[in-house]
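As the structure lists them, so they are numbered: ligands from 1, and atoms in each ligand from 1.
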Amino acid sequence: MEIKTIGVVGAGQMGNGIAHVMALAGFDVLMTDISQDALDAAVALIDKNLTRQVSREKISQDEKDAAMGRIRTTLTLTDLGPSDLIIEAATERETVKQAIFEDLLPHLKPHTILTSNTSSISITRLATRTDRPEKFMGFHFMNPVPVMQLVELIRGIATDEETYDACLKVVEKIGKTAASAEDFPAFIVNRILMPMINEAVYTLYEGVGNVRSIDESMKLGANHPMGPLELADFIGLDTCLAIMNVLHDGLADTKYRPCPLLTKYVEAGWLGRKTQRGFYDYRGEVPVPTR
Ligand SMILES: CC(=O)CC(=O)SCCNC(=O)CCNC(=O)[C@H](O)C(C)(C)COP(=O)(O)OP(=O)(O)OC[C@H]1O[C@@H](n2cnc3c(N)ncnc32)[C@H](O)[C@@H]1OP(=O)(O)O
Ligand SMILES: NC(=O)C1=CN([C@@H]2O[C@H](COP(=O)(O)OP(=O)(O)OC[C@H]3O[C@@H](n4cnc5c(N)ncnc54)[C@H](OP(=O)(O)O)[C@@H]3O)[C@@H](O)[C@H]2O)C=CC1
């Protein structure tokens, strides 16, 4: 079956990026969120990012206009029911994702493939809340979506080959590279990346370095494009903490315990760039370390 229409649930930083790359590749996209402000902000950001691609001559003005014309939004989740493929990219909380899939179920077409952009949560467990575990899988983009080349494709225990192949074709059509990962907590990228970020927060917590010295060390000493604390702010500290909790609970190993300082920042509502404050304060002209 050829996928033509894509539903995107959640218009946050991942949802807008997913809608952007899908529309640019020729898919019709319907994006939903619980907030009209989030939908409006997402469409404005997609417009801005596509305009930047036009100005850098990566795409033409016609391609931009066509992509914008293929994106529609709705506040009604169930409008996404008839889509060929649904990519859920709402907040990294299992109860939120379960409720979304349960609400969608009565409105789906028999052929609709359901996927989650979850960073860490069990695909097999999410699939059991649906009527189609064989048509359910993980479709995990990296942030920022328009720039990062990788998509992790994660099969749940029941995912069938037809579903995997259909998703692989979508990844190829958007010009990205798929990596197949087994369904264990946080899959491949975050199994490796998030403990490093958590260790950077411990390094800060224990006073081994400050925000600036830790980030500079990893940028200049290990050639990372962003320091680990800057990257944590970019991902969202709530998402980082949620992933560490999934690793800790799912693998039952104390080496994955989230740093108490990470918990404290999240409890303060200092979630990184999206709330203007995290390991850096973004409210001024340049980011200022908060420690
Ligand atoms: C948590 C999870 O589940 C999984 C994850 O996603 S883990 C996070 C994975 N992501 C990373 O590790 C990102 C690490 N950082 C980087 O690679 C780089 O800092 C970066 C690509 C984000 C920015 O690169 P940079 O060289 O500092 O900035 P800049 O030159 O301004 O941008 C490079 C390109 O990216 C684009 N870009 C940057 N940020 C962007 C954004 N948020 N959205 C869209 N495009 C963006 C720019 O327009 C530019 O495009 P062109 O090459 O077409 O001109
Ligand atoms: N941040 C990252 O670097 C990456 C994140 N991911 C994953 O992508 C998903 C989204 O993350 P991200 O975009 O960063 O998060 P954001 O917080 O930026 O966006 C999540 C969006 O989902 C909305 N939302 C919450 N509940 C619902 C619902 N029931 N129905 C529809 N929309 C809802 C939120 O609305 P509101 O704000 O009003 O609550 C918000 O607009 C998570 O699963 C995350 O783990 C995957 C790869 C990278």
Side-chain angles (χ1 to χ4, degrees), residues 7-21 24 31-42 45-59 73-80 86-104 115-121 123 126 138-152 154 179 181 186-194 196-197 215 218-219 223-228 230-247 271-275:
V8 177
V9 185
Q13 52 182 342
M14 295 308 289
N16 89 68
I18 294 167
H20 172 139
V21 298
L24 200 51
M31 180 165 55
T32 188
D33 198 282
I34 43 178
S35 126
Q36 185 62 48
D37 287 352
L39 287 172
D40 294 344
L45 191 54
I46 294 169
D47 192 287
K48 185 172 152 211
N49 285 333
L50 285 167
T51 301
R52 190 167 49 189
Q53 287 179 297
V54 173
S55 66
R56 309 238 168 135
E57 295 180 356
K58 298 261 159 94
I59 62 170
T73 61
T74 176
L75 278 173
T76 310
L77 173 70
T78 52
D79 288 348
L80 273 62
I86 295 180
I87 304 177
E88 171 279 313
T91 311
E92 185 74 345
R93 206 172 309 130
E94 192 160 342
T95 49
V96 169
K97 295 181 187 296
Q98 281 169 355
I100 288 168
F101 291 124
E102 284 173 2
D103 289 349
L104 275 169
T115 67
S116 175
N117 183 52
T118 178
S119 298
S120 60
I121 297 167
I123 298 302
L126 286 174
F139 206 126
H140 182 213
F141 287 87
M142 306 298 135
N143 186 11
V145 178
V147 179
M148 303 297 283
Q149 186 58 31
L150 188 82
V151 178
E152 273 184 285
I154 307 114
F187 324 122
I188 297 175
V189 171
N190 285 323
R191 172 79 176 259
I192 299 167
L193 179 69
M194 215 40 79
M196 183 204 71
I197 287 178
D215 276 349
M218 293 308 287
K219 280 200 282 191
N223 257 5
H224 289 196
M226 285 177 169
E230 186 188 0
L231 181 57
D233 275 358
F234 182 62
I235 292 168
L237 302 190
D238 52 341
T239 302
C240 294
L241 179 61
I243 298 168
M244 285 312 298
N245 279 324
V246 168
L247 281 167
L271 307 182
R273 277 184 180 271
K274 64 184 165 188
T275 57

Kindly state if atom 13 (C) of ligand 1 has a protein heavy atom within a strict 4.0 Å cut-off, that is, under 4.0 Å?
yes
Could you tell me whether atom 26 (O) of ligand 1 has at least one protein heavy atom nearer than 4.0 Å?
no
In terms of atom number and element, which parts of ligand 1 are under 4.0 angstrom from non-hydrogen atoms of N49?
43 (N), 44 (C)
Please check whether T118 reaches ligand 2 - meaning an N/O of the residue sits under 3.5 Å from an N/O of the ligand, judged on distance alone.
no
Could you find the nearest protein heavy atom to atom 45 (N) of ligand 1 and give me its residue, atom name and distance?
R52 NH2, 3.1 Å
Give the numbers and elements of all ligand 1 atoms closer than 4.0 Å to a heavy atom of L193.
7 (S)
P144 heavy atoms within 4.0 Å reach ligand 1 at atoms 22 (C), 40 (C), 41 (C), 42 (N), 43 (N)
Can a protein heavy atom be found under 4.0 Å away from atom 30 (O) of ligand 1?
no
Between D233 and K274, does any NZ, NE, NH1 or NH2 come within less than 4.0 Å of an OD or OE carboxylate oxygen?
no
Check each heavy atom of K58 against ligand 1 and say whether those closer than 4.0 Å belong to the side chain, the backbone, both or neither.
side chain
Protein heavy-atom contact under 4.0 Å for atom 16 (C) of ligand 1?
yes
What atoms of ligand 1 come within less than 4.0 Å of a heavy atom belonging to M226?
14 (C), 15 (N), 19 (O), 22 (C)
Is it the side chain (CB and beyond), the backbone, both or neither of N190 that lies under 4.0 Å from ligand 1, heavy atoms counted?
side chain
Between Q36 and D40: side-chain donor-acceptor atoms closer than 3.5 Å:
yes
